[in-house]
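These notes concern the structure reproduced below.
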2 protein chains.
Amino acid sequence: MVLEIKLTQALRLWREVHLDLVRDTQADLSVRQTAILLTIYLELPPHTVRGLAARLGVTKPVITRALDSMGKLGLVSRKRDEYDKRNVVIQRTVAGALAVEHLADLVTARARELGSA
Amino acid sequence: MVLEIKLTQALRLWREVHLDLVRDTQADLSVRQTAILLTIYLELPPHTVRGLAARLGVTKPVITRALDSMGKLGLVSRKRDEYDKRNVVIQRTVAGALAVEHLADLVTARARELGSA
DNA sequence: CGATAATGATACGGCCCCGTAACGATCGGG
DNA sequence: CCCGATCGTTACGGGGCCGTATCATTATCG
């Protein structure tokens, strides 16, 4: 799997997927939220607020607020760590997994189009 | 140029680039703004407010406001159409071209990493 | 114990974006 | 010439996200 990609192809891919996202109407997550969501679903648990903040290079309130809004959307959930009750463990949800999967489908579909063009 | 890509690679690519964008600090454009910017720089001129709105499936004020904020960042500029003074022609700028190029570099670099992994 | 550190959440003031509705400027057909 | 259509912009009310500073809760160490 080489996954070589030219500059113009990269831009077209980025544009097509963003157009899809705009038209999808649904969530319209911010860049930060997207990075958080994908980190939660691609990296090994457990995930904490502090850990994510350090990982992304942002402050803790950014993570807290992102979890609030994504929690309302059902994309993630939170649970107190029973062994250290200061910690909060961020958990995945079915809806979140579906959203991530949907994004993967979008990207791969657009990439395939570019490849055959 | 096949540009085949697996689901997990697509997600990793999307995540890595978003992490880069978060850390870049700079603009942090919204999904809509990104779609608008790339449409302006990838499709043939002339571009108008109405045309972009139709192209993205959003209302005109969305385009006007996006052009306002991206204009402040120097990424695009506007000019009245002299032949039909109701129209506004959206023009590219040097800074905008550089920003687009930078994004292309990010995507291709991350894609290359995934390919060799 | 008590003091200190660490965690996540919250308050605050500021800024940006949204959609709907209305607006002024301009064009064009009758 | 005038009136309707079209263009882009602006006003409005509502909501979200930002960073800084502060908070309550919990753990830890002396």
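The chains referred to below are lettered A, B, ... by the order of the sequence lines, with proteins before strands, and numbering in each begins at 1.
Of all the heavy atoms in A:Ala10 and B:Ala104, the pair that sits closest is CB-O, 4.1 Å.
Atom CG of B:Asp68 and atom C1' of D:dT10 are 10 Å apart (whole Å). For B:Asp81 and D:dC7, the CG to P distance is 12 Å, given to the nearest whole Å. One interatomic measurement links the two molecules: NZ of B:Lys79 to P of D:dG8, which rounds to 14 Å at whole-angstrom precision. Rounded to an integer number of Å, the gap from CG of A:Leu67 to C1' of C:dG8 is 10 Å. Between B:Ile36 atom CD1 and C:dC16 atom P the separation is 16 Å, expressed in whole Å. Between the NZ atom of A:Lys85 and the C1' atom of D:dT28 there is a distance of 16 Å, given to the nearest Å. Residue A:Arg80 contributes atom CZ, which lies 9 Å from atom C1' of D:dT26 at whole-angstrom precision. At whole-Å resolution of the value, CD1 in B:Ile63 and P in C:dG19 are 10 Å apart.
Residue A:Val88 has its side chain nearest to C:dA9 when only C:dC17, D:dT9, C:dA9 are considered. Side-chain proximity of A:Thr59 to C:dG8, D:dT9, D:dG19: nearest is D:dG19. Closest to the side chain of B:Pro61, from the set D:dA21, C:dC27, D:dT9, is D:dT9. Across C:dA25, C:dG8, C:dA6, the shortest atom-to-atom separation from the side chain of A:Val49 is found for C:dG8. Picking from D:dG19, C:dG8, D:dA5 the nucleotide with the shortest atom distance to the side chain of A:Arg32 gives D:dG19.
DNA chain D is contacted by both A:Val62 and A:Tyr83; A:Val62 maps to the nucleotide lying nearer its 5′ end (nearest heavy atom per residue). Of the residues near DNA chain D, B:Lys60 and A:Ala66, the one whose nearest nucleotide (by heavy atom distance) lies more toward the 5' end is B:Lys60.
At distances below 3.5 Å, at least one donor-acceptor pair connects side-chain atoms of A:Arg80 with backbone N or O atoms of A:Lys85.
In this structure, A:Thr64 reaches the C:dA9 phosphate: one of its side-chain N or O atoms is under 4.0 Å from OP1 or OP2. Between D:dA5 and B:Arg86, no contact under 4.0 Å exists linking OP1 or OP2 to a side-chain N or O. For C:dC17, the OP1/OP2 oxygens have a side-chain nitrogen or oxygen of B:Gln33 closer than 4.0 Å. Using a 4.0 Å cut-off, no side-chain N or O of B:Thr48 falls inside it from OP1 or OP2 of D:dC7.
Between B:Asp105 and B:Arg110 there is no salt bridge, since no side-chain nitrogen of the basic residue lies less than 4.0 Å from a carboxylate oxygen of the acidic one. Checked for salt-bridge contact, B:Arg32 and A:Asp28 meet the test: a charged N lies under 4.0 Å from a carboxylate O. Taking the charged nitrogens against the carboxylate oxygens, A:Arg15 and B:Glu43 do have a contact shorter than 4.0 Å, which makes a salt bridge.
If you check every strand for non-hydrogen atoms under 4.0 Å, B:Arg65 touches a base. In this structure, B:Ser30 reaches neither bases nor backbone, as no heavy-atom distance under 4.0 Å exists between it and the strands shown.
Going from atom NE2 of B:His18 over to atom OG1 of A:Thr39 covers 11.0 Å, rounded to the nearest 0.5 Å.
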